[in-house]
Amino acid sequence: MTIAIARADPQRRLRTIILADVALATTAGLFTITMASTVARIPALFWVGVFVVVSAGLIATSLQPLARGDIYGAVLRLSAANWLVAIGSTFVATFQWPIQMQVTLLPIVLAATFVSRNELKLFVVVSLISATTVAALGLLQDVTGLSDRVPDWLKTAVLLLTAPP
């Protein structure tokens, strides 16, 4: 009985983290869509919001391996979704790079809690590569020009809303 409870506890904690990440991505995406459609009226910003809402669905797929008891698979899916969101949204909206840097590094902290020391190496390497990519995208390019068109107050609001908890 004690062993079953101990095994269920990490799954419960990871499920809570996944659901919180889904809620955060959904909220951030819907806020961005609303601002792009009403206040800023910037089509590229609208598509960033759509991308983030769709990513919430990708994050939610982390629940599938977790339901089978595959904690490593769940952490890997959750991490991959966060790396993708960070790189994709920074590519389009470069002003987000400081927050997205944190998003790329969070999988290291998450994985350290749930996977073995050997398995952790993958998360460290991919997180560092993702963080470097985000920094390069944020600082060295602005393909869409979106960062120049978004009002400063809206940039601040997006950054505050999408800050990892």
Side-chain angles (χ1 to χ4, degrees), residues 1-35 45-138 155-165:
M1 183 79 166
T2 306
I3 293 173
I5 292 171
R7 285 187 184 162
D9 185 49
Q11 287 182 326
R12 234 178 279 140
R13 285 184 297 135
L14 185 54
R15 179 179 168 78
T16 300
I17 291 167
I18 292 168
L19 293 174
D21 203 14
V22 168
L24 177 64
T26 302
T27 302
L30 292 175
F31 175 80
T32 304
I33 289 169
T34 301
M35 290 297 104
L45 189 60
F46 173 85
W47 291 109
V48 168
V50 170
F51 174 75
V52 174
V53 169
V54 169
S55 74
L58 182 61
I59 293 165
T61 68
S62 304
L63 295 168
Q64 293 169 344
L66 188 61
R68 297 188 307 268
D70 180 7
I71 290 178
Y72 178 82
V75 172
L76 186 58
R77 276 197 197 188
L78 178 60
S79 298
N82 280 285
W83 293 320
L84 176 67
V85 169
I87 292 169
S89 61
T90 302
F91 178 77
V92 176
T94 57
F95 69 88
Q96 295 185 65
W97 80 268
I99 289 295
Q100 299 306 339
M101 283 283 291
Q102 292 178 359
V103 171
T104 63
L105 296 173
L106 280 175
I108 297 171
V109 176
L110 178 69
T113 305
F114 293 102
V115 304
S116 73
R117 185 179 233 166
N118 268 349
E119 294 168 333
L120 183 60
K121 292 175 187 174
L122 169 74
F123 294 91
V124 171
V125 170
V126 177
S127 288
L128 293 177
I129 291 169
S130 297
T132 302
T133 302
V134 163
L137 288 172
K155 289 179 191 177
T156 301
V158 169
L159 291 174
L160 288 173
L161 187 62
T162 59

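Residues take their numbers from the sequence shown, with the count starting at 1.
- For Gln11 against Gly69, the heavy-atom pair with the smallest separation is NE2-CA, 2.9 Å.
- Atom CZ of residue Phe114 and atom CD1 of residue Ile17 lie 4.0 Å apart, to the nearest 0.5 angstrom.
- With rounding to the nearest 0.5 Å, the separation of OG in Ser127 from CG in Leu122 is 8.5 Å.
- Taking the side chain as every heavy atom from C-beta outward, Leu66 and Ile18 approach each other to under 4.5 Å.
- Classified by interplanar angle (parallel below 30°, tilted 30° to 60°, perpendicular above 60°), the ring pair Tyr72/Phe123 is perpendicular.
- Pro10 is listed as a side-chain neighbour of Ile71, based on a closest heavy-atom distance under 4.5 Å.
- Checked by atom type and distance alone, the side chain of Thr61 pairs as donor or acceptor with a backbone atom of Leu58 at under 3.5 Å.
- In this structure, Asn82 and Thr104 have side chains that are not in contact, with every pair of non-hydrogen atoms separated by 4.5 Å or more.
- The two atoms that bring Pro65 and Ser62 nearest to each other are CD-O, 3.3 Å, heavy atoms only.
- In this structure the side chain of Ser130 reaches within 4.5 angstrom of the side chain of Ile87, judged on heavy atoms.
- With a 6.0 Å radius and a threshold of 12 heavy atoms from other residues, nucleotides or ligands, Arg117 has its CZ atom at or below the threshold.
- Annotation: side chain of Val85 is not in contact with side chain of Val103 (no heavy-atom distance under 4.5 Å).
- Residues Leu105 and Leu128 have side chains in contact (heavy-atom distance under 4.5 Å, counting atoms from C-beta outward).
- When all heavy atoms are compared, the tightest approach of Ala86 to Gln100 is CA-OE1, 3.3 Å.
- Taking Thr94 as the reference, Ser147 meet the side chain to side chain donor-acceptor pair (under 3.5 Å) condition, with sequence neighbours excluded.
- Of all the heavy atoms in Ile108 and Leu120, the pair that sits closest is O-CD1, 3.7 Å.
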- Under the side chain to side chain contact (heavy atoms under 4.5 Å, CB included) rule, what do Val75 and Glu119 come out as? Steps first, then yes or no, please. CA-CA 11 Å; Val75 172; Glu119 294 168 333; over 6 Å; no
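- Ile59 and Ala81 get closest at one heavy-atom pair: CG1-CB, 3.6 Å.
- Taking CZ from Phe95 and OG1 from Thr90, the interatomic distance works out to 9.5 Å, rounded to the nearest 0.5 Å.
- Contact of the Trp47 side chain with the Val92 side chain is not registered, since no non-hydrogen atoms from C-beta on lie closer than 4.5 Å.
- For the atom pair CD1 (Ile129) and CH2 (Trp83), the distance works out to 9.5 Å, reported to the nearest 0.5 Å.
- Rounding to the nearest 0.5 Å gives a distance of 10.0 Å between CZ of Arg13 and CG of Leu110.
- From Leu14, atom CG reaches atom OG1 of Thr113 across 9.5 Å, with rounding to the nearest 0.5 Å.
- Residues Arg12 and Thr16 have side chains not in contact (no heavy-atom distance under 4.5 Å, counting atoms from C-beta outward).
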